[in-house]
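Inspection log for the structure reproduced underneath, given as structure tokens.
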Amino acid sequence: MTKPSDLQSLIGTEVGVSRWIEVDQARIDAFAKITEDEQFIHVDPEAAKATPFGGTISHGFLTLSLASAMSYDAVAPLEGVVMGVNYGFDKLRFLAPVPAGSKIRGRFKLLSAEDKGGGRWLLKHELTVEIDGGEKPALIAEWLGMQVVA
């Protein structure tokens, strides 16, 4: 748990790193089915071999959707938190494809913390999703989250 009074001292620092999460073909296929995005580069290993990717890749939005799990692993909630909600993104860039079978993890740096009153704290984290063995990150985002404390 992080005390709201400690937030200002954490700005600009890395506050956590998540576990590695495997993005295998079964996960990609399930995401494709539920989102109705069954483009061949995600679900057809044979056809995807002929692309510059050399095989199937994760959907960018699948990679992004795993950010919540990464956050639970890596970012301590505020002391007295009642709930937290996704507030959106200021910036988001997909920088490298995530090949099927890869492992990814998230690094979180606190960029800002605003006391919005009424126990509401708007936190902005820089999220960098790394690919195990990759030269570039899969994505970098400025992610906003609202935490409500009692």
Modelled atom types, side-chain donor and acceptor of W143 and D90, under 3.5 Å: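 No donor-acceptor contact under 3.5 Å links the two side chains.
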
Looking at [X] and [Y], what are the two nearest heavy atoms and their distance?
X	Y	answer
A74	S18	CB-N, 3.6 Å
G106	L127	CA-CD1, 3.9 Å
L62	F31	N-CZ, 3.5 Å
T2	A76	OG1-CB, 3.6 Å
R107	E130	NE-OE2, 2.8 Å
T63	A138	CG2-CB, 4.1 Å

Any link between [X] and [Y] through a network of hydrophobic side chains (Ile, Leu, Val, Met, Phe, Trp, Tyr) touching at under 4.5 Å?
X	Y	result
I41	L95	no
I140	V17	no
F61	L139	yes
W20	Y72	no
I28	I21	yes

Enter the distance from [X]:[atom1] to [Y]:[atom2] here, rounded to the nearest 0.5 Å.
X	Y	atom1	atom2	result
L10	S112	CG	OG	12.5 Å
K116	W121	NZ	CH2	11.0 Å
K49	D44	NZ	CG	10.0 Å
E114	L7	CD	CG	11.5 Å

Lys/Arg N to Asp/Glu carboxylate O, E79 vs K3, below 4.0 Å: no

Short N-O contact, E142 and K124, less than 4.0 angstrom: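 Yes.
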
Looking at M1, I'd like to know if its CE atom is crowded, meaning that more than 12 non-hydrogen atoms belonging to other residues, nucleotides or ligands lie closer than 6.0 Å. yes

Determine whether more than 12 heavy atoms belonging to other residues, nucleotides or ligands lie under 6.0 Å from atom OH of Y87. no

Side chains of [X] and [Y] in contact at under 4.5 Å (non-hydrogen atoms):
X	Y	value
L64	F89	yes
K33	E38	yes
H125	L111	no
S68	S71	no

Are the side chain of [X] and the backbone of [Y] linked by a donor-acceptor contact shorter than 3.5 Å?
X	Y	value
Q25	H42	yes
R27	V23	no
Q147	L78	yes
T13	V15	no

Residue from T56, L66, I131, I57 passing side chain to side chain contact (heavy atoms under 4.5 Å, CB included) with V98: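 Among T56, L66, I131, I57, the one that satisfies the side chain to side chain contact (heavy atoms under 4.5 Å, CB included) with V98 is I131.
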
Dump the intermediate steps for side chain to side chain contact (heavy atoms under 4.5 Å, CB included) on T128 and K109, then the final yes or no. CA-CA 9 Å; T128 303; K109 181 190 330 182; over 6 Å; no

